[in-house]
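Model, not experiment: these values are computed from the prediction. Chain identifiers are assigned alphabetically (A, B, ...) following the order of the sequence lines, protein sequences preceding nucleic acid strands; residue numbering begins at 1 within each chain.
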2 protein chains.
Amino acid sequence: MARARATLRDVAERCDVHLSTVSRVLNNKKGYAVSEEVADRIRRTAAELGYKTNPFAYSLRVNRSFTVGVLIPDLSNPIFPPIIRGIEHRLEQSGYTAILGDTDNRVEEERRIVERLKARQTDGLILATAHRADDLIRSCIDEGYHVVLINRSLDDDAVASVVNDDGAGIAMAVRHLLDQGHRKIAHIAGPQEISTGFRRYLAFMEAMQKEGLDPDEDLIAFCHNYSEKEGWAALRGLFEREKPFTAVVAANDLLALGCYDAIIEAGLSCPEDISVTGYNDMPFSDKFKPPLTTVHIPLHKMGEEAASAMLKLIEQTPDKTRQHRVTPHLVVRGSTARCNGPR
Amino acid sequence: MARARATLRDVAERCDVHLSTVSRVLNNKKGYAVSEEVADRIRRTAAELGYKTNPFAYSLRVNRSFTVGVLIPDLSNPIFPPIIRGIEHRLEQSGYTAILGDTDNRVEEERRIVERLKARQTDGLILATAHRADDLIRSCIDEGYHVVLINRSLDDDAVASVVNDDGAGIAMAVRHLLDQGHRKIAHIAGPQEISTGFRRYLAFMEAMQKEGLDPDEDLIAFCHNYSEKEGWAALRGLFEREKPFTAVVAANDLLALGCYDAIIEAGLSCPEDISVTGYNDMPFSDKFKPPLTTVHIPLHKMGEEAASAMLKLIEQTPDKTRQHRVTPHLVVRGSTARCNGPR
DNA sequence: ATGAAAGCGCTAACAA
DNA sequence: TTGTTAGCGCTTTCAT
């Protein structure tokens, strides 16, 4: 697109001063006393000509793009839009722009997309990628890239991350089901290579044991990714084992949605026969059939915090907090009900 | 982020040739016969050093960013992720990157965000913005920007656009309700300054009239934007008029969802008392309570087509098709049922 | 208080 | 077949 844009030189000529002076004024560099009179004239003509600094030239000069790459596994998963909005809002405040990279849930894509983002010279990378790619992360860091993780963390905490308290969240869900009289509770676990999947699974076990209920191995199924389809398949698998249960704690909302399908398919109904809880309180989870009881986490806020952490990294603001924690809470809706005795 | 990246010069020095030769080889410019021997050595060392062309320098030189701005009203509206994915997929094939701008449904934001995108020197603008901003569009074009519209069009067709056949879609919905025995059909119309809102309204009127049913003015409500809240308020307004109706055609899915709320609030139920149809077949519309009967449009494909049109514009490929039309079809689900007589 | 000049990394027109 | 050079628009160091 070849639009003629006013340059520093244009402004300088019109003002009959040297271009470096214009630059100083427009960026109000101090230490260079410029007469108010000249400064004023410069500012006025700049506005008049609609001068905007050319981002290419600027970036080339200062070697920064003022963009940050945001890697997500799947934009269609409703939890990501709010996160992204949060990131964008915060970034925008500081003049940065987010560049999205979507892996379509494919691991092989991850590396390729990160390369694309790096090629674009993003000043940092926010990874909201659900999939494990520790070596990828590590290599980014080794190359000197700034990295912030969302909803996952590396075991050794070497990387800044924004996470929610999965342990507390799952405990609330289990607690709620227990309060409703459920004892045979199944768990549809997320992928164990992902920190959320792993931590939620551990939390489930712990919460059950705390109640003196040793969770039955046969009532736990592991999914390969967070999708409706996996949730459906997993619960279907549990039904086939023919061990009774009256409730299921799904590791996230999409999985829970898949459980709905499996329950219907089995000729049962939720919550009458089986109660279901999700995790994330994604948009529209209150509109499903039935409205989903789930653990709410502040998605938008997590995005903002991730962006803040990234900006601190980029701007070298000292910040010892590596892990930014955010608090979940339970939202009780229609997918859970009192236990009607054993099934 | 200060990572040392190999430059053309680095490669040139290592190969003991002039940097311009390296440039030629790496961009395989023809017309400059370079001996295979040298070319090979250059390619090898470039790979070895991990050379990537610096996008700032390149963009500065050729005055193009290889990015296109994508303006949407609200990322949280589930119809946009598929559209955006479609855009990104196509753009990526040609080495372009999308830069998102979200107006949060606020008109005032629109101009500001377009300015931001322009400041970033995007090579074009894809506007999926629901809100009217004809003068904005016009000014973009006047300034020489490439513009493609999604799901809206200017009256005079001066701008490339990708639209679906709203007339056909609404006709199918109305037809379906008529077939189910409904006669008193209400319409929750979208904003009339938006082409979809306007066209769907006209299509509704026409479809009814074709059946000899003069639509009752009192059974039509207009919304200010496409949101659940507006749909809820609008249907609520209709209930207050106390004219009976047994079905409602909503101008989009979000509006339909709002109708669900109003129906429940009125102590009625869908589809037993009132049938509801939506428009867009947005993700998850099959998971609602009840699953929504709606008009499906190929969102991902629309995104791709918009991107293709944009690339043609940028690359100056001749293309006389200004309007790219896409065909909708009806998806019958649980929110519509046979009419149980007048209410 | 202001000007001059170098150079970020690249491409393209011109030379040899 | 390969080299030289100017210059995209900007910031910054040094000079005046």
Side-chain angles (χ1 to χ4, degrees), chain A residues 1-43 45-46 49-67 95 118-121 123, chain B residues 1-43 45-46 49-67 95 118-121 123:
Chain A
M1 184 87 305
R3 263 147 297 90
R5 217 147 100 145
T7 69
L8 270 192
R9 186 153 71 198
D10 296 335
V11 179
E13 273 170 13
R14 288 265 295 234
C15 289
D16 202 47
V17 291
H18 194 269
L19 136 183
S20 58
T21 309
V22 178
S23 174
R24 278 166 207 146
V25 171
L26 262 26
N27 301 322
N28 46 185
K29 285 267 181 262
K30 43 202 174 180
Y32 291 89
V34 175
S35 76
E36 249 333 294
E37 196 259 314
V38 176
D40 235 59
R41 203 174 56 221
I42 289 176
R43 270 187 285 264
T45 29
L49 265 43
Y51 171 80
K52 298 256 177 51
T53 103
N54 180 313
F56 312 141
Y58 183 55
S59 284
L60 176 59
R61 187 65 241 253
V62 302
N63 196 30
R64 292 178 41 194
S65 63
F66 300 92
T67 61
K118 283 184 186 166
R120 287 256 170 209
Q121 300 270 60
D123 294 334
Chain B
M1 180 92 302
R3 264 149 295 90
R5 216 147 101 147
T7 69
L8 270 190
R9 186 151 73 198
D10 295 336
V11 179
E13 274 170 12
R14 288 264 296 234
C15 289
D16 202 46
V17 291
H18 195 270
L19 134 184
S20 58
T21 309
V22 177
S23 173
R24 278 167 209 146
V25 170
L26 263 26
N27 301 322
N28 45 185
K29 284 266 181 266
K30 44 203 172 176
Y32 292 89
V34 175
S35 77
E36 249 331 295
E37 196 259 316
V38 177
D40 234 59
R41 202 173 58 223
I42 289 176
R43 271 188 284 264
T45 28
L49 296 172
Y51 171 80
K52 297 257 177 50
T53 104
N54 180 315
F56 311 141
Y58 183 54
S59 283
L60 176 58
R61 190 61 242 254
V62 303
N63 196 29
R64 297 188 24 203
S65 64
F66 300 92
T67 61
K118 283 184 186 167
R120 287 259 170 206
Q121 300 268 62
D123 295 333

Atom pair distance, as rounded to whole Å: CG in A:Leu26 and P in D:dT12: 14 Å
Side-chain donor or acceptor of A:Thr45 paired with backbone N/O of A:Ile42 under 3.5 Å: yes
Point-to-point distance, once rounded to the nearest 0.5 Å, from CG of A:Leu8 to CG of A:Asn54: 9.5 Å
Selected nucleotide, minimal atom distance to A:Tyr51 side chain, candidates C:dC10, D:dC10, D:dG9: D:dC10
Distance (rounded to the nearest 0.5 Å) between A:Cys15 SG and A:Leu49 CG: 8.5 Å
Gap between atoms CD1 and P, on B:Ile42 and D:dT1 respectively (whole Å): 14 Å
Check: B:Thr53 and B:Leu26 side chains under 4.5 Å, non-hydrogen atoms: no
Sugar-phosphate only, base, or nothing, as touched by A:Thr53 at under 4.0 Å among non-hydrogen atoms: sugar-phosphate
Length of the CG-C1' vector between A:Leu8 and D:dG9, whole Å: 7 Å
Between C1' of C:dA12 and CG of B:Asn63, the distance in whole Å: 15 Å
Short side-chain N/O contact to D:dT4 OP1/OP2 from B:Ser20, under 4.0 Å: no
Distance, rounded to the nearest Å, where B:Asp10 contributes CG and C:dC8 contributes C1': 13 Å
Distance in angstrom units between B:Arg24 CZ and D:dT5 P, rounded: 14 Å
No-H, no-angle donor-acceptor pair, A:Arg5 side chain to D:dG9 base, under 3.5 Å: no
Phosphate OP1/OP2 of C:dA12 contacted by B:Tyr58 side-chain N/O (<4.0 Å): no
Per A:Leu60 side chain, nearest of listed nucleotides C:dC8, D:dC8, D:dT2: C:dC8
Distance, rounded to the nearest Å, where A:Leu19 contributes CG and C:dG7 contributes P: 17 Å
5′-ward residue of the pair A:Asn54/B:His18 relative to DNA chain D: B:His18
Separation of D:dC10 C1' from A:Phe66 CZ (nearest whole Å): 12 Å
Minimum heavy-atom distance B:Gln121-B:Asn63, with the two atoms named: NE2-OD1, 4.1 Å
